[in-house]
Amino acid sequence: MADYVISPPAIASVPVAGGGSFPVRRVFCVGRNYAEHAREMGSDPDREPPFFFMKPADALLPDGADMPYPPQSSQLHHEMEMVVAIGEGGANIAEADALRHVWGYAAGLDMTRRDLQNAAKKEGKPWDMGKGFDWSAPIGLLVPASKVGHPAKGLIELKVNGKVRQTSDLSKMIWSVPEMIAYLSGLVKLAPGDLIYSGTPENVAAVQRGDLLEGTVEGVGSVKTRIV
Ligand code: MN
């Protein structure tokens, strides 16, 4: 045992459907991975390589738990996404080999303080405080790829208070899961426990206290939270 001078932090984890728990090391997120969302954010989806930002692992919010409306923002946006869980690490992973590194998938929400993110963009400052705040990453139960395979198409949808807000198909991702793993693992060595939020489709919008968010990814599962 190391001679820690304060209590070591708990290991963040995501419950697995059917039992067990997936320990989380890092949370990566892909930006602008659906063309219609890139357009609504004012970008040209055709000319940009994938880019990544991060949230701390303890930003994960368990499925069904309430999400506290975050401080210093009046524009909390939802971004419905599929989450990829890395079971086997590696650097410079080949695209053709990438899916072997995936342990499973989940439905997740990349909650965003859009006002802070927009201010940061304008001033060329980092996105961290717009993206990586406390409880900014609601996530559903993880399902193993050994059970569900590797979904490359299927409905991705978010309802707010029972009404559809975002709806698209996984096949519309600009960078596929193997491509994003290949690209990201060329930037950093991926490790078991890493999660990748794979980007949101169009129609991101603000939510208010009291709103109920229910997202689904076909063939993967669901995620649910209420803003309080
Ligand atoms: Mn996102």
Side-chain angles (χ1 to χ4, degrees), residues 14 24 26-45 48-61 63 67 70 73 75-86 105-121 125-140 142 151 154-160 165-177 179-181 183-184 187 194-207 211 213-217 220-225 227:
V14 181
V24 176
R26 294 174 292 188
V27 180
F28 296 96
C29 304
V30 186
R32 298 177 201 140
N33 201 24
Y34 289 77
E36 288 307 318
H37 173 62
R39 283 188 198 103
E40 78 181 351
M41 300 309 282
S43 301
D44 177 350
E48 215 178 46
F51 72 95
F52 302 89
F53 58 91
M54 297 181 74
K55 294 177 187 257
D58 63 6
L60 292 165
L61 182 72
D63 192 37
M67 179 187 173
S73 178
Q75 203 181 17
L76 176 64
H77 271 200
H78 53 72
E79 296 193 358
M80 181 62 208
E81 313 201 356
M82 181 170 79
V83 184
V84 183
I86 300 295
Y105 298 89
L109 284 158
D110 165 17
M111 299 302 290
T112 301
R113 289 194 283 211
R114 192 72 71 201
D115 40 4
L116 298 196
Q117 186 202 22
N118 285 342
K121 277 183 187 173
K125 289 177 177 168
W127 288 12
D128 301 47
M129 292 301 109
K131 286 290 195 177
F133 52 94
D134 299 337
W135 311 124
S136 58
I139 186 165
L142 204 60
L155 181 71
I156 177 167
E157 187 171 81
L158 177 71
K159 288 179 181 171
V160 178
R165 274 274 187 95
Q166 291 189 267
T167 185
S168 189
D169 195 281
L170 298 175
S171 62
K172 292 187 177 171
M173 283 187 196
I174 296 169
W175 301 95
S176 69
V177 171
E179 287 170 334
M180 71 180 71
I181 289 171
Y183 208 95
L184 180 57
L187 291 164
D194 288 339
L195 299 180
I196 307 171
Y197 276 65
S198 59
T200 191
E202 65 273 21
N203 295 325
V204 300
V207 290
D211 285 349
L213 282 61
E214 297 169 289
T216 52
V217 176
V220 170
S222 61
V223 60
K224 184 170 154 180
T225 186
I227 312 298

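Atoms considered below: every heavy atom in the structure, side chains included; atoms not considered: hydrogens, waters and symmetry mates. None of these values were measured; they are calculated from a predicted model. Just so you know, ligand 1 is whichever comes first in the structure, and atom 1 is the first atom listed for that ligand.
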Exercise. Would you kindly say whether Q166 and T200 are connected by a side-chain donor-acceptor distance under 3.5 Å?
Key: yes

Quiz prompt | Which residues share a side chain to side chain donor-acceptor pair (under 3.5 Å) with D194, sequence neighbours left out | solution = R26

Self-check item: Short side-chain to backbone donor-acceptor contact, Q117 and R114, under 3.5 Å
Solution: no

Quiz item: Regarding H37 and R32, is there a side-chain donor-to-acceptor distance under 3.5 Å anywhere?
Solution: no

Quiz item: Ignoring hydrogens and geometry, is there a side-chain-to-backbone donor-acceptor pair from T225 to P138 under 3.5 Å?
Solution: no

Quiz prompt | Distance filter under 2.8 Å, centred on the Mn ion (ligand 1) - protein N, O or S atoms that pass it | solution = E79 OE1, E81 OE2, D110 OD2

Quiz item: With a 6.0 Å cut-off on ring centres, are W127 and F51 close enough?
Solution: yes

